[in-house]
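I have placed the structure first, in the form of structure tokens, so that the comments after it can refer back to it.
All heavy atoms count here, side chains included; hydrogens, waters and symmetry mates do not.
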Amino acid sequence: MTDLSLYVLDIVQNSIAAGAARIDISLLREGRRLVFRVDDDGRGMSAEMCAKALDPFTTTRSTRRVGLGLPFLKLAAEQTGGTLELKSELGKGTSLSAEFDAEHIDMPPFGDFAGTVFALIQGSPDIRFVIKRQNDNREYTLDTDELLEQLGGEVPLNEPEVLAWISDFVNEQELRVVSYEL
């Protein structure tokens with residue numbers, strides 16, 4: 001994977017597979033420090049599985065024998081002088097936090113975050129996503145439960161017009177937040 005947005009997609013797909021009903025995604029930048037965090041209320045992992053999850057030769061998938069998403073994310077963070085922390089508890093969920101030096105030469109590009117958000121909501125409209133993006137003093141939050149409330153609970157989030165609005169909203173907010181970074 002080359003972009004942070006693809007790591008977001010990969011990690012969140014793991015949360016969805018773990019039966020999460022709520023997934024919080026945050027990308028917070030303060031100065032040079034960028035923290036990428038995903039918290040879910042899925043099945044969680046045993047302490048043993050959590051310890052093995054960063055090993056590329058450990059996976060729960062039956063379609064292949066390796067799982068490279070977490071090891072590559074850890075490597076990407078460490079290449080910038082950052083860290084990755086994974087915590088999980090059976091029956092309570094999982095929390096992943098990766099910290100990067102956002103100005104390091106090896107910092108992965110951000111990628112198409114709006115497209116990632118679009119794909120996640122389109123593919124899993126019944127999951128509550130709370131997405132927070134912050135860059136020093138600029139930030140935005142997208143909470144799918146708040147969107148559903150505004151829609152009166154009658155219109156699904158994967159309705160084409162709603163998805164178009166979500167895509168436009170995230171793109172506009174990303175431009176506002178990212179323009180501060182440049």
Side-chain angles (χ1 to χ4, degrees), residues 1-18 20 22-29 32-40 42 45 53-88 93-125 127-135 139-142 144 157-158 163-164 166-175 177-179 181-182:
M1 282 180 263
T2 57
D3 298 345
L4 272 183
S5 61
L6 294 177
Y7 285 111
V8 170
L9 189 61
D10 182 58
I11 300 306
V12 172
Q13 287 299 324
N14 291 338
S15 296
I16 292 167
R22 177 181 173 148
I23 302 171
D24 290 34
I25 304 164
S26 60
L27 296 154
L28 312 173
R29 181 172 176 178
R32 293 177 65 111
R33 183 175 174 249
L34 174 74
V35 177
F36 156 49
R37 185 173 176 101
V38 175
D39 298 291
D40 72 51
M45 294 181 274
L54 298 175
D55 177 350
F57 299 105
T58 299
T59 185
T60 58
R61 295 182 181 166
S62 58
T63 56
R64 60 179 185 231
R65 298 171 63 184
V66 295
L68 297 174
L70 287 175
F72 278 169
L73 178 60
K74 182 177 189 251
L75 177 64
E78 289 174 347
Q79 285 179 326
T80 71
T83 59
L84 184 134
E85 183 177 29
L86 180 65
K87 295 180 183 177
S88 190
T94 301
S95 176
L96 176 132
S97 179
E99 184 176 323
F100 297 84
D101 176 346
E103 295 179 19
H104 193 280
I105 192 166
D106 291 324
M107 176 66 192
F110 207 74
D112 182 11
F113 188 63
T116 295
V117 171
F118 180 92
L120 291 171
I121 294 172
Q122 180 183 32
S124 301
I127 292 176
R128 179 179 185 188
F129 290 100
V130 179
I131 299 158
K132 182 175 183 181
R133 177 86 154 96
Q134 178 184 350
N135 184 8
E139 68 179 64
Y140 72 91
T141 300
L142 175 68
T144 56
L157 291 177
N158 60 355
L163 285 169
I166 290 169
S167 181
D168 289 346
F169 173 79
V170 174
N171 274 315
E172 287 172 18
Q173 296 305 309
E174 282 295 303
L175 284 173
V177 170
V178 172
S179 68
E181 291 177 356
L182 301 176

Would you give the length of the straight line joining atom OG of Ser97 to atom CG of Leu86, rounded to the nearest 0.5 angstrom?
-> 10.0 Å

Rounding to 0.5 Å, atoms CG (Leu54) and CD (Glu85) come to a distance of 10.5 Å

OG1 on Thr80 to CD1 on Ile105, rounded to 0.5 Å | 12.5 Å

Please round to the nearest 0.5 Å and tell me the distance separating atom CG of Leu70 and atom NZ of Lys74.
-> 10.5 Å

Flag the pair Ile121 / Leu142 as yes when at least one side-chain heavy-atom distance between them is below 4.5 Å, and no otherwise.
-> yes

Please examine the side chains of Asp24 and Val38, heavy atoms only from C-beta on, and report whether any two atoms are closer than 4.5 Å.
-> no

Are any of the side-chain nitrogens in Arg133 or Glu139 under 4.0 Å away from the carboxylate oxygens of its partner?
-> no

Ile131 versus Val117: any side-chain heavy-atom pair under 4.5 Å?
-> yes

Applying side chain to side chain contact (heavy atoms under 4.5 Å, CB included), run through Phe100 and Val35 and close with a yes or a no.
-> CA-CA 6 Å; Phe100 297 84; Val35 177; over 6 Å; no

Does Gly115 offer a backbone N or O that forms a donor-acceptor pair with the side chain of Asp112 under 3.5 Å?
-> yes

Would you sort out whether Phe118 and Leu163 count as a side chain to side chain contact (heavy atoms under 4.5 Å, CB included), showing the intermediate values?
-> CA-CA 7 Å; Phe118 180 92; Leu163 285 169; 3.4 Å; yes

pair Leu28-Lys132: side-chain heavy atoms closer than 4.5 Å = yes

Hey, does Phe110 have a side-chain heavy atom less than 4.5 Å from the side chain of Leu27?
-> yes

Test Leu96 against every option in Asp40, Leu73, Val12, Asn14 by the side chain to side chain contact (heavy atoms under 4.5 Å, CB included) rule and name the one that passes.
-> Leu73

Determine, stepwise, if the pair Ser95 / Arg37 fulfils side chain to side chain contact (heavy atoms under 4.5 Å, CB included).
-> CA-CA 7 Å; Ser95 176; Arg37 185 173 176 101; 2.9 Å; yes

Are the side chains of Tyr140 and Glu174 in touch, meaning some heavy atoms are under 4.5 Å apart?
-> yes

Kindly say whether Leu6 contributes a backbone atom to a donor-acceptor pair with the side chain of Asp10 at under 3.5 angstrom?
-> no

Here the gap from Thr141 atom OG1 to Ile25 atom CD1, rounded to the nearest 0.5 Å, amounts to 12.0 Å

Value rounded to 0.5 Å, distance of CG in Leu4 from CG in Leu9 | 12.5 Å

How far apart are the C-alpha atoms of Ile11 and Phe36, what are their side-chain angles, what is the distance that settles it, and do they pass the side chain to side chain contact (heavy atoms under 4.5 Å, CB included) test?
-> CA-CA 11 Å; Ile11 300 306; Phe36 156 49; 4.1 Å; yes

Is Glu103 salt-bridged to Arg29, going by a charged N under 4.0 Å from an acidic O?
-> yes

